[in-house]
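Worksheet: the structure to be examined is printed underneath.
As the structure is a computational prediction, the values presented were derived from the model and not from experiment. Chain identifiers are assigned alphabetically (A, B, ...) following the order of the sequence lines, protein sequences preceding nucleic acid strands; residue numbering begins at 1 within each chain.
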Number of protein chains: 2
Amino acid sequence: MESRCENCIVRQFNSLRAMSKEELKRVSDSKTTRLIKKGEAIFKEGEKLDGVFCVRDGVSKLSKLSENGKDQIVKLASKGEVIGQRSVVAEESVNLSAVAVSDMEVCFIPKEGIVSTLHTNPNFTLEVLRHMAHDLKEADDVIVNMSQKSVKQRMAEAFLYLKNNFGEDEEGYLRLVLSREDISNVVGTAIESCIRIISEFKKKGYLRTSGKRIGIKDEKALKNLVEGF
Amino acid sequence: MESRCENCIVRQFNSLRAMSKEELKRVSDSKTTRLIKKGEAIFKEGEKLDGVFCVRDGVSKLSKLSENGKDQIVKLASKGEVIGQRSVVAEESVNLSAVAVSDMEVCFIPKEGIVSTLHTNPNFTLEVLRHMAHDLKEADDVIVNMSQKSVKQRMAEAFLYLKNNFGEDEEGYLRLVLSREDISNVVGTAIESCIRIISEFKKKGYLRTSGKRIGIKDEKALKNLVEGF
DNA sequence: CGCAAAACCTGATAAATATCATATTTAAAC
DNA sequence: GTTTAAATATGATATTTATCAGGTTTTGCG
């Protein structure tokens with residue numbers, strides 16, 4: 001297991017790549033690596049974080065609890081993504097909970113190294129800013145989808161998203177396996193509706209399933225559905 | 001009309017306050033002031049911006065068109081807010097359209113002054129980053145509201161938001177007057193549903209209206225509704 | 001293995017919301 | 001100021017989605 005950030009491949013995907021050698025060394029010296037089991041929380045909504053988490057492997061759901069007790073999944077973060085950044089930058093408690101949806105390996109980086117670099121290295125700060133700008137755009141898109149698309153369309157979109165972002169296994173099933181409940185929390189619908197639509201998509205030949213696993217059979221049809229045909 | 005950024009009061013509310021005297025002078029020399037009439041667009045989704053807009057007066061809706069032809073309003077920007085920032089930072093075309101919902105006065109700041117400061121003044125970059133972190137949190141909250149709250153709850157929330165952010169006039173009506181269509185595009189619902197709920201709230205004594213203008217009569221009731229009672 | 005709990009699934013029904021049709025009021029244009 | 005278009009309003013109806021109730025299957029665990 002590679003343990004120096006300098007040699008860590010996931011760094012290429014996130015803002016740490018804009019750090020200088022010295023800054024990176026400091027981060028590397030202060031970081032600790034943690035294994036997180038599927039279902040375990042990395043942090044919970046409302047906590048104060050004293051650092052960020054860099055995902056080396058696995059996937060985490062970032063979700064927010066609503067008054068009615070449902071959890072809305074706002075984002076799925078995987079290899080290379082840094083989570084908790086928003087909270088550290090804004091010096092606020094976290095607004096989302098992070099829970100592993102597969103076994104994970106993450107590095108915890110104490111905020112001191114991050115914050116001091118933010119104050120001194122504009123390239124790094126700008127890089128973080130660009131990532132956040134990207135997240136904000138994605139969030140805007142989600143808002144529009146939520147309000148303007150039907151549950152069926154959002155379901156179709158979710159499967160396409162899962163394929164594009166996490167790929168398929170050897171047998172052609174979506175690599176990231178989510179429970180029906182998690183899927184319904186991504187889409188923002190009731191579990192029963194989610195299950196019903198999966199059944200419908202199966203009947204229509206858009207999907208196939210094997211236990212929890214879901215495979216896309218007719219990508220075109222799903223795309224058409226999203227577009228409104 | 002004050003024309004130097006150095007003396008401009010709205011600067012206190014946005015990231016420009018983190019600029020040095022010299023940087024600010026440069027921005028001030030390159031900026032141009034524009035008057036925009038209610039209904040006019042500042043920019044449209046998909047355009048490339050070569051600068052940002054600092055709002056000195058009035059309010060702009062930031063919205064995104066969905067396939068079905070409806071416009072989802074993602075944010076209302078008013079005095080002090082800088083719009084187009086995300087796009088300039090990420091070096092992408094804008095993902096939202098900005099249209100004035102009241103007569104506006106905005107300053108256009110060419111991106112060169114912004115971008116060069118982003119590269120050299122970490123305090124400024126960090127300040128922009130903090131603002132974006134705040135916007136991202138707000139966007140997350142909107143996502144959760146959209147998916148977990150009923151239209152009625154979102155309507156109630158919208159009126160409270162309008163009161164908190166734009167205040168009331170002498171007669172106690174909401175200062176920011178939006179068309180029913182704009183309200184429905186904030187809330188993400190059909191115009192008819194929006195109007196119907198306004199009527200219902202009037203009947204129940206939560207609101208009163210006078211033409212387009214809406215006044216909050218029973219804030220507590222609206223709050224209870226949002227909380228789910 | 002066998003049992004309990006959790007996850008998954010389906011039908012029936014209720015509630016929320018959108019859509020269509022049409023009337024009325026308000027604002028804009030000439 | 002009149003005409004015309006746009007915005008607001010309301011009823012009737014259709015559609016979508018959630019909820020409730022009861023199944024079955026899968027999974028984890030002693």
Option from A:Q153, A:R154, A:E157 for which side chain to side chain donor-acceptor pair (under 3.5 Å) with A:N145 holds: A:E157
Members of residues 146-162 of chain B that approach DNA chain D, where some heavy atom sits under 4.0 Å away: none
Validation row: A:M146, A:Q72 side chains within 4.5 angstrom (heavy atoms): yes
Derivation of the side chain to side chain contact (heavy atoms under 4.5 Å, CB included) call for B:L16 and B:I109: CA-CA 11 Å; B:L16 291 184; B:I109 304 174; 3.9 Å; yes
Passing option when B:Y173 is tested against B:E168, B:K212, B:R208 for side-chain contact (heavy atoms from CB on, under 4.5 Å): B:R208
A:R86 and B:D140 ion-paired at < 4.0 Å: no
Nearest-angstrom distance from the residue atom CD1 of A:I191 to C1' of D:dT19: 12 Å
Rounded distance [0.5 Å steps], CD1 in A:I183 versus CD1 in A:I197: 11.0 Å
Side-chain heavy-atom pair B:L222, B:L207 within 4.5 angstrom cut-off: yes
Salt bridge present between B:K223 and B:E227 (N-O < 4.0 angstrom): no
Distances under 3.5 Å between nitrogen or oxygen atoms of protein and nucleotides 1-6 of chain C:
none

Candidate nucleotides D:dT10, C:dT17, C:dC9, ranked by approach to the side chain of B:T189 - the nearest: C:dT17
Note, A:N165 side chain near A:S78 side chain (heavy atom, < 4.5 Å): no
Flag side-chain contact, heavy atom, 4.5 Å: A:V74 against A:V142: no
Straight-line distance of A:S184 OG to A:I195 CD1, nearest 0.5 Å: 8.0 Å
Residues in contact with DNA chain C, drawn from residues 200-226 of chain B - heavy-atom cutoff 4.0 Å: none
Beyond-backbone contact of B:S66 with A:K149, side-chain heavy atoms, under 4.5 angstrom: no
A:S28 side chain to A:C5 backbone, donor-acceptor under 3.5 Å: yes
Note, A:V52 side chain near A:K111 side chain (heavy atom, < 4.5 Å): no
Under 3.5 Å, which N/O atoms of the protein pair with N/O atoms of nucleotides 19-25 of chain C?
unit_1: C:dT19; atom_1: O4; unit_2: B:R196; atom_2: NH2; d: 2.9
unit_1: C:dC20; atom_1: N4; unit_2: B:E192; atom_2: OE2; d: 3.3

Residues touching DNA chain C, which here means a heavy atom under 4.0 Å, drawn from residues 178-187 of chain B: none
Angle between terminal axes - the helix from C:dC1-D:dG30 to C:dC30-D:dG1, 5 pairs each end, rounded to 10°: 50°
Short N-O contact, B:D135 and B:K75, less than 4.0 angstrom: yes
Passing option when B:E200 is tested against B:K202, B:K203, B:R196, B:K204 for salt bridge (charged side-chain N to carboxylate O under 4.0 Å, His left out): B:K204
Aromatic ring pairing A:Y206/A:F201, orientation class (parallel under 30°, perpendicular over 60°, tilted between): tilted
